[in-house]
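See structure below.
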Amino acid sequence: MKQRSLFDEVDTAPSPSPEGRPADKIENARPIRELAYDIESTGKNPVSNIAVGISFCKEKGAACYVPVRHTAGPNIPDAFTVVKPVLEDGGIAKIGHNLKYDILILRKEGIHVAGKLYDTMLASYLLNPNRTEHSLESVGLEYLHHKKRAFTEVLGKRETFADVPVDEATPYAAEDAALAWELRGMLFDMLEAEGLATLYSDIEMPLIYVLADIEQNGIKVDTKRLEELSKELELELDALQSKIYSLAGEEFNINSPKQLGRILFDVLKLKPGKKTKTGFSTNVDVLEELAKSHDLPAEILNYRTYYKLKTTYVDALPKLINEQTGRIHTSFNQTVTATGRLSSSDPNMQNIPVRGEWGTKIREVFIAEKGNVLVSADYSQIELRILAHLCGDEGLIAAFRNNIDIHTRTASEIFGVPVEEVDIEQRRVAKTVNFGVIYGMSAFGLSEALGIPAKEASAIIDHYFARHRGVQDYMESTLETARADGYVKTLLGRKRPIPEIHSPNNNIRMQAERMAINSPVQGSAADLIKIAMIRIWKRLKDSTLKTRMILQIHDELLFEVPEAELDIISKMIREEMEGALTLSVPLHVEVGHGRNWSEAH
DNA sequence: GCCGTCACG
DNA sequence: ACGTACGTGACGGCA
């Protein structure tokens, strides 16, 4: 593959600074990512003075930047002094790959990036959200056939990037920016052609700033309480371990599904159920079934629950508390999910336990700063409301317009009883059915979820669709669209290609069909909350309010709110979330507050 | 590095 | 006859 020289077309040489000072005295070129790497790994900024080679195009109102290091000298302007006004100029657009990252690093250096952002990582994501790899290296290779020089290659045997001679470091540093610059031209044309430009500029681009703020804000945790919980769990686990060894008649590694399988199915001769690729399954469904015939499985389940809580949450969270802020700063990834949702990592703040006694205990450790409260606002039944809007089913729409409990109503339809006579068991079944609809349920899937024969599940599904022709028709037309176009779309035109929709393999094809059904619903809900986040963020920016947005959990937003702002903020949040989109059904948001996340919920 | 498991929406 | 709910991330075990 012919390597294209980016540097033929793109001026990456340090250009004159806005003040007209020549920047050609820069030494020890150094890209921002390696700078950031040093800051992260050593915990301190190893660079006292940084010059920036920057090439920008006034006609296009765009800037492409390459921060580089220089050795401080009397006649060399401080690099940040040079670049700061450019990066902070809202009239100059910024081009880069994963700009949220750069924005956050620059903020640590006191530079507050403003203006329009051309993020080529986000462009790549919108063009194909099924892609798992959106690194600059991968995207550059895909679209420009340009093989980026590997960092390790440049580094060689040297310790840090600062040790790399300037002659080698400069082109490497420039390559990052040059590549993003070139990609921008191609990818943003493609966004236009694909009808994704508005989604980018109205949603994903402004969201970069919102997410940067959320990450920077972080959330406060009660570390003392976490230590207490850890000890409590330690005791529980010790007791359970002894009990398990005694029930098993020998010691073994409880955390090993393989060893557990030997105990359950060979030693105790219990009846195996489902199989996995590697052996018999020991998952919760299997163990619950086995619990009917032996005491051990239930204790294994208890052990697993506590072990999970301890290792994944109670013991892991304190390690991720930032020393400077004393808070946990998660990462919100904007380019991971195939549907348009965000994801959260390091730590994942979107899967913090909520159910049961221990869910409460763990959520109680997420607290508000003194004088503040946490405010939680979550969309009620958002995916079903979106489904109602997308499919136009009259019954579903009427239910939401009349503020009727949707699961009770579905139960009434399925079981043919008046709404007033629906019992809790029927409502539970209906709730599962409603979830099933969104997931593209099969009779088998529903029967597994409900623990009923497939025949009964099949009858329930038939009943449901007989009463919800709008839903049924929508499902069929969605599949037809997927087959014809090769992709499905959300309310805002976000696309997800479904290439397997034509697979000759039944299982693969049916899985693709479920994706096609679910993605517009899940993805539209993601579109909606992103709009709400941007609206709320703007309202906060335009005010003198001190409220901070701190988390998004798919259908919920969490805020840290000064007590004095509680009433006005609660009202504002509801207004912006409920009004984010106007659908054929009303949107309902539940707002709560408290000293901790559990109380707020 | 993959697998099974399980936490969340 | 086969294998099935949609979307994630983190953990420990094991090769």
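Just so we're on the same page: letters track the sequence lines, and every chain starts at 1. Side chains included, hydrogens not; waters and symmetry mates left out as well; all remaining heavy atoms used.
- Distances shorter than 4.0 Å separate some side-chain N or O of A/Lys258 from OP1 or OP2 on C/dA15.
- With a heavy-atom cut-off of 4.0 Å to chain A, the contacted part of DNA chain B has its first and last nucleotide at B/dC3 to B/dG9.
- In the set C/dG7, C/dT4, C/dG9, C/dG9 carries the atom at the smallest distance from any side-chain atom of A/Ser343.
- For B/dC6 and C/dC2, the P atoms lie 26 Å apart once the distance is rounded to whole Å.
- The distance from atom CG of A/Asn351 to atom P of C/dG7 is 17 Å, rounded to the nearest whole Å.
- Across the strands present, C/dA1 finds no partner; the criterion is a Watson-Crick or G-U wobble pair with both atom distances under 3.5 angstrom.
- Phosphate contact (OP1/OP2 of C/dG7, side-chain N/O of A/Arg341, threshold under 4.0 Å): absent.
- For A/Asn507, the listed nucleotide lying nearest its side chain is C/dC2; candidates were C/dC2, C/dA5, C/dT8.
- Using a 4.0 Å heavy-atom distance criterion, A/Glu448 is classed as making no nucleic acid contact.
- No donor-acceptor contact under 3.5 angstrom links the side chains of A/His601 and A/Ser376, judged on distance only.
- Within the structure, every side-chain polar atom (N or O) of A/Asn506 is placed at least 4.0 Å from both OP1 and OP2 of C/dG3.
- Side-chain contact of A/Glu133 with A/Ser135: a donor-acceptor pair under 3.5 Å is present, judged by distance alone.
- Put simply, OH on A/Tyr303 is 11 Å from P on C/dG12, counting in whole angstrom units.
- Distances shown here put every side-chain N or O of A/Gln350 at or beyond 4.0 Å from the OP1 or OP2 atom of C/dG7.
- Nucleic acid contact class of A/Ala443 (heavy atoms, under 4.0 Å, all strands): none.
- Note on A/Arg496: only backbone sugar-phosphate atoms sit closer than 4.0 angstrom, heavy atoms only; bases stay farther off.
- Nucleic acid contact class of A/Leu342 (heavy atoms, under 4.0 Å, all strands): none.
- Contact annotation for A/Gly440: no contact, since no heavy-atom pair falls under 4.0 Å across all strands.
- For A/Asn255, taking side-chain heavy atoms from C-beta onward, the closest of the listed nucleotides C/dG12, C/dT4, C/dG9 is C/dG12.
- Within the nucleic acid shown, A/Ser519 has no heavy atom closer than 4.0 Å to any nucleic acid atom.
- Rounded to whole Å, the distance from CG on A/Asp555 to C1' on C/dT8 is 14 Å.
- Within the 4.0 angstrom heavy-atom criterion, only backbone atoms of the sugar-phosphate kind lie near A/Asn348; the bases stay farther away.
- In this structure, A/Leu237 atom CG and C/dG12 atom P are separated by 12 Å, rounded to whole Å.
- In this structure, A/Ile452 places its CD1 atom 16 Å from P of C/dA5, rounding to the nearest Å.
- Note on A/Lys308: a base of the nucleic acid sits closer than 4.0 angstrom, heavy atoms only.
- A/Thr330 comes within contact range of no nucleotide atom at all, as no heavy-atom separation falls under 4.0 Å.
- At the phosphate of C/dC14, OP1 or OP2 sits under 4.0 Å from a side-chain N or O atom of A/Ser256.
- Checked by distance alone, A/Ser442 brings a side-chain donor or acceptor within 3.5 Å of a matching partner on the base of C/dT4.
- Comparing the same atom, C1', in C/dA5 and in B/dC2 gives a spacing of 24 Å after rounding to whole Å.
- Regarding A/Gln552, its CD atom lies at a distance of 13 Å from the C1' atom of C/dG7, rounded to whole Å.
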